[in-house]
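Below is one structure, written out as structure tokens, with a few remarks after it.
Side chains are part of it too, since the values below use all heavy atoms of this structure and drop only hydrogens, waters and symmetry mates. Chain letters run A, B, ... following the sequence lines, proteins first, then strands; residues in each count from 1.
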There are 2 protein chains.
Amino acid sequence: MARWEPDALGRLQRAALALYGERGFDQTTVAEIAEAAGLTKRTFFRYFADKREVLFRGSEELEELIVAAVGSAPPFTVPLDPVAAALDAAATMLEPRKEFSVRRQRVIAANPELQERERIKLATLAAAVAQALRLRGVGDLAAILAAETGITVFRVAFERWVDPANEHPLDRLIQDSLHELRGAVTAAVPVAS
Amino acid sequence: MARWEPDALGRLQRAALALYGERGFDQTTVAEIAEAAGLTKRTFFRYFADKREVLFRGSEELEELIVAAVGSAPPFTVPLDPVAAALDAAATMLEPRKEFSVRRQRVIAANPELQERERIKLATLAAAVAQALRLRGVGDLAAILAAETGITVFRVAFERWVDPANEHPLDRLIQDSLHELRGAVTAAVPVAS
DNA sequence: TAGTCGTTGGCACCTTGTGACATCATCTCC
DNA sequence: GGAGATGATGTCACAAGGTGCCAACGACTA
């Protein structure tokens with residue numbers, strides 16, 4: 001038997017998501033989250049660096065998955081290709097967690113501070129992808145641009161995925177966005193006959 | 001004769017940049033900035049929504065310039081083209097302010113909170129560019145992707161521009177990044193003979 | 001001279017976030 | 001089985017960011 005109720009971190013996360021969803025991020029104090037989880041403010045800050053971070057714990061796993069997929073993608077002709085393969089792997093991981101993703105994203109969309117944090121998380125993800133590309137021999141500038149562009153595609157597709165009107169799976173939306181991107185950046189490439 | 005020293009906003013901005021540069025963002029309190037400007041903390045928060053915003057005032061002008069340039073760019077074959085023209089206009093505007101840009105960027109680079117704010121500013125800029133593209137008949141998804149990609153190119157080029165080792169003008173770096181991007185996203189496009 | 005208006009100051013207050021120390025249940029070792 | 005050791009939690013005090021409210025002040029107008 002545990003000394004305290006188990007899974008303090010999970011309780012704080014669930015309480016935070018619930019309260020942020022009910023009354024909004026600004027209208028929720030850390031003390032309230034802690035109380036709802038049967039803990040104190042001080043303990044909250046031992047698990048999370050700040051009030052926002054409680055919504056972003058777990059993004060490291062996604063990063064590891066994506067970086068690994070970039071590293072193990074088949075040989076490629078263009079740096080964006082392995083990134084595309086990695087995004088597909090990420091989509092497979094996220095698809096079963098759609099309900100959670102939707103609730104979380106609704107909270108983030110309602111608050112600029114949370115959007116800032118979200119952007120930073122994606123930026124560090126892009127940096128990690130760029131590094132993985134360099135390890136596969138891609139030049140510095142091309143690696144950064146392919147990584148950042150890939151993450152942009154991911155973000156746009158993700159936003160469409162969590163949209164209530166959407167019916168498609170995430171991997172499909174990613175493919176669509178990738179296709180649209182290529183058309184928006186360069187003219188159609190004639191297929192070698 | 002003025003009742004108070006004129007240009008309270010400018011004094012606060014200069015004091016903030018100086019203090020952030022000297023001792024760092026975290027080690028500078030708002031009260032110190034206000035005192036250095038001959039004002040009080042309360043007045044600081046009347047001009048700036050928060051401690052970070054003092055470094056980002058003025059980005060609206062850049063946004064207006066870029067949006068206008070997207071709107072007035074010549075007819076295009078691919079959505080990224082008018083964005084590229086707009087970035088060139090932005091480079092022309094920024095080139096004379098390089099010293100200020102360098103000092104400001106050094107402060108931002110040293111602090112994650114400021115990087116968050118910077119990313120959000122660029123994100124709203126990208127949204128404005130996407131809207132300008134839509135007004136020129138570009139489809140929704142292509143507009144977003146072209147805008148986000150263009151802003152990414154701009155950010156990468158800007159970072160290289162303010163690098164102490166750099167010698168090139170901003171517009172040149174933007175051209176380079178654009179070229180590299182096209183190569184990183186699609187295979188080389190044969191020119192129609 | 002009285003009234004109005006915009007800028008600033010003063011003050012109380014709430015919240016985030018941190019440092020230092022106390023508590024308390026379990027585990028280990030003797 | 002009892003004495004620490006350990007690790008998670010609580011308690012308290014406090015700095016700093018940020019806001020609401022009202023007073024003070026100087027100029028301009030009637």
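Following rounding to the nearest Å, Q27(B) (CD) and dA16(D) (P) show an atom-to-atom distance of 11 Å. Distance F25(A) CZ to dT16(C) C1': 10 Å, rounded to the nearest Å. Computed from coordinates, the D26(A) CG to dG20(D) C1' distance equals 16 Å when rounded to whole Å. Atom pair Y20(B):OH and dA16(D):P shows a separation of 14 Å (rounding to whole Å applied).
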Run the numbers on Q105(B) and E159(B) for side-chain hydrogen bond (donor to acceptor under 3.5 Å, both in side chains), then give the verdict. CA-CA 8 Å; Q105(B) 209 61 20; E159(B) 282 167 12; 5.8 Å; no
Acceptor/donor pairs from residues 127-150 of chain A side chains to any protein atom, 3.5 angstrom cut, sequence neighbours excluded:
unit_1: Q131(A); atom_1: OE1; unit_2: R134(A); atom_2: NH1; d: 2.6
unit_1: R134(A); atom_1: NE; unit_2: D140(A); atom_2: OD1; d: 2.7
unit_1: R134(A); atom_1: NH2; unit_2: D140(A); atom_2: OD1; d: 3.4
unit_1: R136(A); atom_1: NH1; unit_2: V70(A); atom_2: O; d: 3.0
unit_1: R136(A); atom_1: NH1; unit_2: A73(A); atom_2: O; d: 2.6
unit_1: R136(A); atom_1: NH2; unit_2: A73(A); atom_2: O; d: 3.0
unit_1: D140(A); atom_1: OD2; unit_2: R160(B); atom_2: NH2; d: 3.0
unit_1: E148(A); atom_1: OE1; unit_2: R155(B); atom_2: NH2; d: 2.8
unit_1: E148(A); atom_1: OE2; unit_2: R155(B); atom_2: NH2; d: 3.2
unit_1: T149(A); atom_1: OG1; unit_2: L145(A); atom_2: O; d: 2.6

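Scanning all heavy atoms of the two residues, the minimum distance from K41(A) to V30(A) falls at CG-CG1, 3.8 Å.
Of the residues in residues 31-54 of chain B, those lying under 4.0 Å from DNA chain C by heavy-atom distance are G38(B), L39(B), T40(B), R42(B), T43(B), R46(B), Y47(B).
In this structure a side-chain-to-backbone donor-acceptor pair under 3.5 Å is missing from Q115(A) to E113(A). Within the 3.5 Å criterion, the main-chain N or O of T28(A) finds a donor-acceptor partner in the side chain of K51(A).
For the pair R106(A) and Y20(A), the NZ or CZ position fails the cation-pi test of under 6.0 Å to the six-membered ring centre and within 45 degrees of the ring normal.
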